[in-house]
Structure formats: C-alpha cells, structure tokens
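These notes concern the structure reproduced below.
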Amino acid sequence: MQMRVAHFVISIAAIILLAACRTEIPENIKTEMANAPEVIDFNFHVKPILADRCFACHGPDVNKRKADLRLDIE
C-alpha cells in the first residue's frame with residue numbers, strides 16, 4: 001500500500017514539474033546548445049568542472065568535506 005502511495009506522489013510531482021516547464025528554450029541556452037560538442041567526453045568536458053567546483057566539498061579531504069556525497073569514489 002505504501003509503495004502505491006509513493007508511486008502516486010512521484011507521478012503527481014512529475015506531472016507538476018512537466019507542466020511548469022517552459023516550452024520555449026531561452027536564447028542563451030539555444031546558443032550554448034549550438035556550440036556544444038556532438039560527443040561529450042567525461043575526462044575533457046565534465047571532470048574539470050567537478051574538480052573546480054565540487055571536489056573541495058565532496059572529495060577525499062575529510063576536513064573540508066561538507067556532506068556525505070562523495071565524488072571521488074564510486
């Protein structure tokens with residue numbers, strides 16, 4: 001019974017989220033999408049962003065870690 005309620009709540013939340021989404025993509029996003037590479041390489045495109053913005057608080061240094069989310073381990 002609880003599983004049905006959970007699925008129902010998730011379904012309603014998804015419907016509300018989709019209804020709230022705009023149908024038009026803003027111009028700045030269109031420009032970025034047009035300039036994006038066809039193939040995204042994790043080590044070249046994603047990992048540098050994580051290293052610059054995320055690993056300080058979500059990496060191996062226990063003294064700097066601010067949350068239980070670890071990005072340095074699988």
Side-chain angles (χ1 to χ4, degrees):
M1 183 69 173
Q2 288 179 342
M3 189 63 96
R4 285 185 183 182
V5 172
H7 284 277
F8 177 74
V9 170
I10 291 170
S11 298
I12 295 299
I15 290 169
I16 291 170
L17 181 63
L18 289 173
C21 291
R22 294 174 44 176
T23 56
E24 290 186 31
I25 298 173
E27 287 301 318
N28 61 332
I29 302 297
K30 286 182 185 178
T31 303
E32 290 299 322
M33 289 172 61
N35 294 333
E38 285 188 35
V39 177
I40 296 176
D41 179 73
F42 178 81
N43 288 323
F44 185 76
H45 296 104
V46 178
K47 195 171 182 180
I49 297 170
L50 294 175
D52 289 345
R53 300 174 184 241
C54 305
F55 283 161
C57 297
H58 300 284
D61 189 349
V62 108
N63 295 322
K64 292 184 178 181
R65 200 174 310 136
K66 294 184 179 180
D68 291 332
L69 175 63
R70 297 280 304 269
L71 298 175
D72 61 319
I73 56 175
E74 286 188 29

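Computed from a predicted structure; not experimentally measured. Index from 1, following the sequence.
Identified under the salt bridge (Lys or Arg N to Asp or Glu O under 4.0 Å) test for residues 52-74, with sequence neighbours left out: R70-D72.
Alongside V46, the hydrophobic cluster contains I40, F42, L50, F55, L69, L71 (criterion: ILVMFWY side chains under 4.5 Å).
Listed for the H45 side chain is a donor-acceptor partner under 3.5 Å among the backbone atoms of D41.
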Please tabulate, for side-chain N and O atoms in residues 27-39, each donor-acceptor pair with protein atoms closer than 3.5 Å (sequence neighbours left out).
from: T31; atom 1: OG1; to: E27; atom 2: O; distance (Å): 3.0
from: N35; atom 1: ND2; to: T31; atom 2: O; distance (Å): 3.3

